[in-house]
Amino acid sequence: MATIEVVPQESSGQLGQRRVVNDMSIQVATVNGSGSQSSNTVLLRSIFQMGVPISGKNLFPSNIAGLPTWFTIRANKDGYIARKKEIDLLIAMNAETAQDDVKTLAAGAAVLYDEPLALDKVRDDLIYYAVPYDKLSATVGADAKLRKLIKNMIYVGVAAQLLEIDFAEVEKAIRKQFATKAKAQTLNLAAAKAGHDYAIANLKKRDPFYIQRMNKTAGKIIVDGNSAAAMGCMFAGCTVVTWYPITPSSSLVETMIDYMKEHRVGPDGKATFAIVQAEDELAAVGMVIGAAWAGARSMTATAGPGISLMAEFTGLAYYVEIPAVIWDIQRVGPSTGLPTRTSQGDLLSTAFLSHGDSKHIMLFPSSVSECFTMAQEAFDLAEHFQTPVFVMSDLDLGMNNWMSDPFPYPEKPINRGKILTKEDIVKAGGFARYKDVDGDGIGYRTLPGTDHPAAAYFARGSGHNEKAQYSERPDDFERNMERINKKFETARSFVPRPELAGSGKAKVGILAFGTSHWAIIESRDQLTQEHKLETDYLRVLSYPFTREVHDFIAGHDRIYVVEQNRDGQMASLLKLDIKPELTPRLRSICHIHGLPIDARSVTDELMMMEGK
């Protein structure tokens, strides 16, 4: 039987507390494989259509079916979309976890539960609503098999009535969810209506939570990060994708297959792309390197275990100087770890991936919009610097639903870097593949098929000189490695710059990256409002670190580095990069258990470390 650690929460309120509008966290506790995903999406979208900012996070087991799963919806009028630590409304549909789920709630929370569970006997400081789901599903007219599924849509109807969500928005969301399935539309509409009508007739509103119509979602979309990344890679001109399925990255390539089939098939009906499922991650990245050497924009997507397998080939691409884009949708490790939990735990292994000396460019998207735009930046950087570039997303960003403005249509031309044509070689009288002509460490390259006898060179992983000739001379090797390192230093001026928030005059600074960003926004407001502590905040977007990162650390007495791993990996990278006398200023706040980081945990730990 699956278990989850139960940590009772402190009371945050009493029964009969003031009316709470558009500020709540709803948790639906069900069983994996029970068909609840559609109903949860309908509930989330219904609130979104009411104009209220939302986010949705799915906590699911790594097996196929049968174990507990939790879906959390955060609705907040101020736009806070990080996971909220406290649950305000629990929809308890899983008999196995129901009592433990109830025990974690703060006093005053509301519980919507299946009547036979008798959860009102567990505690007397919560607000309970019992619903006879089996009886209601029987009235909808579905067969016995479908009744188990439509119970989920019944709780959507009940919740909509209790929260005062306009039922027209529920109907609209159902029609969108089952747009191509007329019978499913009819059945699910009937189930939601049955729950809604039951709540009107039998459930007296006693909790303080309400959804009221706003206008903060107009023109926005709901999308997951992997879908956004897939679209960004297509717009970036990627033509070769090689991959091996692994949670949580699989949906990136699966979505890209659909996009490419729709938008990248020529008038003659022939595909202008190749997407290949390899036998493992090692083969996948090898194919990426081969395709990139031949001139294609190529990529792969994986997770931590795949990154480990890619180490040797990544070192080859680094040393031979071949572009590649690798998406790492991070999950909890080491080993198999927690495959369906989120993490920022691959930074150190990725930054120096390979044996010997190597350093790799990394990008840190925090939003679905940045998954789209950084996809394009990654390909440009990879070809500009002729090196692997890693986009460090995570499960929370990649697989969960996020609200976003529509993505901007790319306007910047594709940057393919220093590629010589036949005419360039004729004009120059030849070329040396690994010679630093411009002083930036980046050599010129040719592509196979360039019609000039001097265009050819050996892409060898063994020692070589500036002309790509085999060499074991110490001076050749040292010169080559120093030049490659010079490329890395040059990249500091080309990678995305960090974003600064705050006056710039606070003594305390917070530094974070990726999806930790959303908790930091809320935590900084808590620190100001509850503790009168002013902070500056720097969101890092890339590695190698730019000058702004060094200046931020030098300009503050204490820097709290917030990240989702055990060992403070971002802090470790910073300590390797900054002046030694500045390292004592760095303090780590590490979040490790695999749930998306929340603001309250950051606030509490930072204040504890401040000694207040």
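Position 1 is the first residue of the sequence, and the numbers go up from there.
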With side chains defined as the heavy atoms from C-beta onward, is the minimum distance between [X] and [Y] less than 4.5 Å?
X      : Y      : value
Thr72  : Arg74  : no
Ile91  : Leu43  : yes
Val253 : Ile275 : yes
Leu541 : Glu499 : yes
Phe48  : Ile222 : yes
Ile81  : Ile54  : no
Trp70  : Thr97  : yes
Ser542 : Met362 : no

Requested in this report: May I have the step-by-step check of side-chain contact (heavy atoms from CB on, under 4.5 Å) for Arg175 and Glu171, ending in yes or no?
Outcome: CA-CA 6 Å; Arg175 294 195 185 283; Glu171 181 177 350; 3.0 Å; yes

Report task. Ignoring hydrogens and angles, tell me if any N or O in the side chain of Ser62 forms a donor-acceptor pair with the backbone of Thr340 under 3.5 Å. Result ->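 Flag not set: sc Ser62 to bb Thr340 has no pair under 3.5 Å.
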
Report task. Determine yes or no for a side-chain-to-main-chain donor-acceptor pair under 3.5 angstrom, with Arg297 supplying the side chain and Val325 the backbone. Result ->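 Judged by distance alone, no pair lies under 3.5 Å.
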
State whether [X] and [Y] are salt-bridged, where the test is any N-O pair (Lys NZ or Arg NE/NH1/NH2 against Asp/Glu carboxylate O) under 4.0 Å.
X      : Y      : answer
Asp598 : Lys84  : no
Asp125 : Arg123 : yes
Glu522 : Arg83  : no
Lys103 : Asp101 : no

**Report entry** Charged tip of Lys205 within 45° of Tyr210 ring normal and under 6.0 Å
**Finding:**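 Positive - Lys205 is close enough to the ring of Tyr210 and near enough to its axis.
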
Query raised in the report: Pairs in or reaching into residues 396-408: which pass side-chain hydrogen bond (donor to acceptor under 3.5 Å, both in side chains), with residues at least two apart or in two chains?
Result: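 Qualifying pairs, neighbours excluded: Lys57-Asp396, Lys220-Asp405, Asp396-Asn400.
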
Query - Stepwise salt bridge (charged side-chain N to carboxylate O under 4.0 Å, His left out) check, Lys412 with Glu377 - result: CA-CA 10 Å; Lys412 192 173 76 171; Glu377 291 178 292; 5.7 Å; no

Report task. Report the residue from Ser251, Ser393, Ser249, Ser250 that forms a side-chain hydrogen bond (donor to acceptor under 3.5 Å, both in side chains) with Asn226. Result ->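 Option passing the side-chain hydrogen bond (donor to acceptor under 3.5 Å, both in side chains) with Asn226: Ser251.
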
Requested in this report: Kindly compute the distance separating OG1 (Thr41) from CZ (Arg45), expressed to the nearest 0.5 Å.
Outcome: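 Interatomic distance, Thr41 OG1 to Arg45 CZ, rounded to 0.5 Å: 8.0 Å.
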
Requested in this report: Step by step, work out the side-chain contact (heavy atoms from CB on, under 4.5 Å) result for Val265 and Phe273.
Outcome: CA-CA 8 Å; Val265 174; Phe273 63 91; 4.3 Å; yes

Query raised in the report: What is the ring orientation for Phe167 with His196, classed by angle as parallel under 30°, tilted 30 to 60°, or perpendicular over 60°?
Result: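 Taking His196 first and then Phe167, their aromatic rings sit tilted (interplane angle of 30° to 60°).
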
Query - Plane angle bin for His591 and His593 - parallel if under 30°, tilted between 30 and 60°, otherwise perpendicular - result: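 Perpendicular.
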
Report task. Flag yes if more than 12 heavy atoms outside Glu164 fall under 6.0 Å of its CD atom; otherwise flag no. Result ->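 Above 12, so yes.
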
**Report entry** Atom CD of Glu254: over 12 foreign heavy atoms under 6.0 Å
**Finding:**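 Above 12, so yes.
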
Report task. Verify whether one side chain among Tyr129 and Asp207 offers a donor that lies under 3.5 Å from an acceptor in the other. Result ->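 Distance-only check passes for Tyr129 and Asp207.
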
Query - Side-chain donor-acceptor pair present, Asp394, Thr515, cut-off under 3.5 Å - result: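 Result is yes, a qualifying pair exists.
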
Report task. Answer with yes or no after comparing the ring centroid distance for Phe235 and Tyr409 against a 6.0 Å cut-off, counting only values under it. Result ->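 Phe235 vs Tyr409: aromatic centres under 6.0 Å.
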
Report task. Give the C-alpha distance, both sets of side-chain angles, the deciding distance and a yes or no for side chain to side chain donor-acceptor pair (under 3.5 Å) between Ser25 and Glu86. Result -> CA-CA 7 Å; Ser25 182; Glu86 304 83 11; over 6 Å; no

Report task. Quick one: list whatever passes salt bridge (charged side-chain N to carboxylate O under 4.0 Å, His left out) with Asp166, sequence neighbours left out. Result ->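 By the salt bridge (charged side-chain N to carboxylate O under 4.0 Å, His left out) rule, Asp166 matches Arg213.
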
Report task. Please say which of Asp114, Leu112, Asn202 ends up in a side chain to side chain contact (heavy atoms under 4.5 Å, CB included) with Val131. Result ->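 Going through the options one by one, the only one that passes is Leu112.
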
**Report entry** Positive for side chain to side chain contact (heavy atoms under 4.5 Å, CB included) with Val241, one of Met260, Met299, Met287, Gln277
**Finding:**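 Per the side chain to side chain contact (heavy atoms under 4.5 Å, CB included) rule, the option paired with Val241 is Met299, out of Met260, Met299, Met287, Gln277.
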
